[in-house]
Amino acid sequence: MHILGTGSYTPKRVVTNDDLATIVDTNDEWISSRTGIKERHISEGETSAELGARAALKAIEDAAIDPLDIDLIILASFTPDLTLPNVACQIQEKIGAFNATCYDLNAACSGFLFGLSSANAYLVSGMYRNILVIGSETMSRTIDWSDRSTCVLFGDGAGAAILTADNEKAYVAVSGSDGVKGKVLTGGGTILKNFLINSDTANIVADTFYIKMDGQEVFKFAVSKVPECINQVLEKAGKTPDDIDYYILHQANVRIISSVAKRLHISEDKIPVNLHKYGNTSAASIPILLDELRRDGTLKSGQKIIFSGFGGGLTWGASYMEI
Ligand code: UT7
C-alpha cells in the first residue's frame, strides 16, 4: 500500500490552558506537566463532516487525483453530528467523490488505524483502487465542560490519507479489542428526546452523552498495550525497533509516549509529538501528525514507520508501513 496524499484541518479557534482555567478549577502547570498539552482547537459549529471534508480536500490536492477516482471513503469517528446519513456520505457530497462507496467506522482513538488496515485489505484483494481514509472528531460536542478531569484533554480536528495499491511497499498490522474493560472510557451517546423531557433521567443523559474516563486505568492500559502491540507488529514484519525511522503514535499524553519510548528502548527523537498544539483529537490524531510530518519533510519515501493507537472500546493496534 502506498500513500498518495495526506491532508489535515483543525478549527480556527484556539483554547489555551489559561482559557480553561477561567471555566474550571485547573491551571497550565497541572495540564502541561500531567499531559504535555498547551492548547487545543475547538469547533465553532463546524461538524465532523465539515472538518473531515476540509482535510480530505487537502489530501486530494496533495495526491493530485480527481475526486471521481476515489472508490471508497472510510470515515473514522465516534463524534458524528448525525448517524444518518453517515459522515462519510456527507463528506462524499462535499468533496464530489461521487463514485465512492462510503461508510463510517467507530473504534474511538484507534479508528484511523483500523481504517488504514481495512484499506490495505481491500487494496490487496483488488476490490478498490483508491481509498480515502479520514479520522475526524468534534470532541467538544461530547465533553462535559464542567469536568476538569476530561475537558482539558481533548480537541477537535481531522486528518486524511489517500491510499493506493503498491506491491513494493509492505503494510503489516496487528490489532485487538477488549469489550470487557470498555467501561473505563465511555460517552458520545445520542440524546433521545424522551430523556430530555424527563428530569428523572437527566443523570442517564449525562452518563451516556459526556465522556467519562477512569484516567489511571486508561493510562495503565496504554503504557502496557502500546509497546506490546508494537513488539508484535515488529516481529510479524521481521524488523527490530532500530529498523524504524519514525513511530507515529496516538497523541493522548506525552507521559504515555515517554513510557513507550523507555519500554521499547528507542530514542524519543523517533517519536514525533504535536499534542501540545491539539490535545487528544481521538481518531484524527494520527492522520494530523502524519500529514504534518509529510509536509515538513520529516517523512521521506523509502522510510519505515510504525503507527500505533489505543482508545475506547477498548481498542488498540499497531501497523508497520514502508512509505
Ligand atoms: O485516547 C485515550 C484517552 N485517554 C487517555 O489517554 C488518558 C490516560 N490517562 C491520563 O492521561 C491521566 O490519567 C490523566 C492526565 C487523565 C490524569 O492524570 P493523573 O496523573 O492520572 O491524575 P489523577 O486522575 O490521579 O488526578 C490527580 C489529582 C486529583 O486530585 P487529588 O484527588 O489528588 O486531590 C484530581 O482531582 O489531580 C486532580 N485533577 C486536576 N487538577 C487540576 C484532575 N484533573 C485536574 C485538572 N486540573 N484538570
Side-chain angles (χ1 to χ4, degrees), residues 15-40 42 76-79 106-114 135-140 142-159 175-178 181-188 210-229 248-261 263 271 273-276 278-289 307-318:
V15 174
T16 64
N17 292 346
D18 287 340
D19 292 334
L20 288 178
T22 66
I23 60 168
V24 286
D25 181 14
T26 190
N27 54 73
D28 176 50
E29 202 282 325
W30 191 97
I31 304 170
S32 302
S33 61
R34 301 275 175 145
T35 70
I37 299 165
K38 299 295 286 182
E39 56 192 34
R40 69 287 293 145
I42 297 296
S77 182
F78 84 99
T79 53
N106 173 6
C109 307
S110 310
F112 180 81
L113 209 51
F114 288 11
S136 183
E137 304 277 15
T138 38
M139 304 294 290
S140 56
T142 186
I143 287 169
D144 177 354
W145 288 101
S146 66
D147 175 8
R148 68 176 183 174
S149 70
T150 53
C151 76
V152 302
L153 304 175
F154 300 100
D156 299 337
S175 59
S177 304
D178 182 356
K181 298 212 179 90
K183 290 182 189 66
V184 301
L185 180 45
T186 59
Y210 292 129
I211 285 190
K212 300 262 183 246
M213 180 170 65
D214 182 335
Q216 291 191 355
E217 281 306 312
V218 177
F219 193 96
K220 279 190 260 171
F221 152 69
V223 296
S224 70
K225 195 52 89 175
V226 173
E228 181 187 311
C229 67
I248 301 178
L249 307 185
H250 171 47
Q251 302 287 296
N253 187 321
V254 78
R255 290 191 291 136
I256 294 176
I257 290 172
S258 298
S259 165
V260 171
R263 288 185 191 216
I271 315 184
V273 168
N274 67 0
L275 62 83
H276 53 287
Y278 304 118
N280 179 348
T281 57
S282 183
S285 89
I286 287 178
I288 291 174
L289 182 57
F307 295 107
S308 184
F310 63 92
L314 297 172
T315 55
W316 62 88

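For clarity, every value in this text was computed on a predicted model and none was experimentally measured. Residue indices begin at 1 and follow the sequence shown. Order of appearance sets the numbers: ligands from 1, and atoms from 1 within every ligand.
Ranking protein heavy atoms by distance to atom 4 (N) of ligand 1, first place goes to M213 SD, 3.2 Å. Nearest non-hydrogen protein atom to atom 18 (O) of ligand 1 is R255 NH2, 3.6 Å. For atom 16 (C) of ligand 1, the nearest protein heavy atom (residue, atom name, distance) is L153 CD1, 3.9 Å. The protein heavy-atom contact nearest to atom 29 (C) of ligand 1 is R148 NH2, 4.8 Å. Ranking the protein heavy atoms by distance from atom 23 (P) of ligand 1 puts Q216 NE2, 3.8 Å first. Among all non-hydrogen protein atoms, the one lying nearest atom 5 (C) of ligand 1 is V218 CG1, 3.6 Å.
Atom 14 (C) of ligand 1 is not flagged as protein-proximal [any protein heavy atom, distance under 4.0 Å]. When distances from atom 31 (P) of ligand 1 to the protein are checked, no heavy atom turns up under 4.0 Å. Within a 4.0 Å radius of atom 34 (O) of ligand 1, the protein contributes no non-hydrogen atoms. In this structure, atom 39 (N) of ligand 1 is in close contact with the protein, since a protein heavy atom lies within 4.0 Å of it.
Of the possible polar contacts, none joining the N280 side chain to the N253 backbone as a donor-acceptor pair under 3.5 Å is found. A distance-only check finds a donor-acceptor pair linking the side chain of Q251 to the backbone of L249 [under 3.5 Å]. With hydrogens and angles ignored, the 3.5 Å screen pairs a side-chain donor or acceptor of D156 with a backbone N or O of S140. Not a single donor-acceptor pair under 3.5 Å links the side chain of E39 to the backbone N or O of T16. Distance alone, capped at 3.5 Å, is enough to place a donor-acceptor pair between the N106 side chain and the A108 backbone. Between the S77 side chain and the S136 main chain, a donor and an acceptor come within less than 3.5 Å of each other. Side-chain N or O atoms of S285 include none that pairs as donor or acceptor with a backbone N or O of L275 at under 3.5 Å.
Side chains of S32 and K38: a donor-acceptor N/O pair is present below 3.5 angstrom, by distance only. Residues T281 and E137 have side chains that never bring a donor and an acceptor to within less than 3.5 angstrom of each other.
In terms of polar-atom proximity, defined here as any N/O pair under 3.5 Å, G215 does make such a contact with ligand 1. Checked against a 3.5 angstrom limit, the closest N/O atoms of T35 and ligand 1 fall outside it.
Using a 4.5 Å heavy-atom cutoff, the side chains of V223 and R263 are in contact. Looking at N17 and R40, their side chains come closer than 4.5 Å, going by heavy atoms from C-beta outward. A 4.5 Å side-chain heavy-atom check between T35 and L153 finds at least one atom pair inside the cut-off.
Taking every heavy atom of A252 and a limit of under 4.0 angstrom, the matching atoms of ligand 1 come to 6 (O). Taking every non-hydrogen atom of R34 and a distance limit under 4.0 Å, the qualifying atoms of ligand 1 come out as 19 (P), 20 (O), 22 (O), 27 (C). Residue-ligand proximity, C109 to ligand 1, at heavy-atom distances under 4.0 Å covers atoms 1 (O), 2 (C). For ligand 1 and T26, the ligand atoms under 4.0 Å from any heavy atom of the residue are 42 (C), 46 (C), 47 (N), 48 (N). Using a 4.0 Å cut-off to heavy atoms of F310, the atoms of ligand 1 that qualify are 2 (C), 6 (O). Atoms of ligand 1 found under 4.0 Å from any heavy atom of V152 (numbered from 1 in listed order, with element): 48 (N).
Using 4.0 Å as the threshold, A222 has no heavy atom nearer than that to any atom of ligand 1.
Under the salt bridge (Lys or Arg N to Asp or Glu O under 4.0 Å) criterion, K183 pairs with no residue, sequence neighbours left out. A search for side chain to side chain contact (heavy atoms under 4.5 Å, CB included) contacts involving L185 returns I211, M213, V218, not counting sequence neighbours.
Only the side chain of N253 comes within 4.0 Å of ligand 1, counting heavy atoms alone; its backbone N, CA, C and O stay farther away. By the criterion of a heavy-atom distance under 4.0 Å, the side chain of I256, and not its backbone, is placed next to ligand 1. Contacts with ligand 1 closer than 4.0 Å are made by side-chain heavy atoms of W30 only, the backbone lying farther away. Counting heavy atoms closer than 4.0 Å to ligand 1, residue N280 contributes side-chain atoms (C-beta onward) but none from N, CA, C or O.
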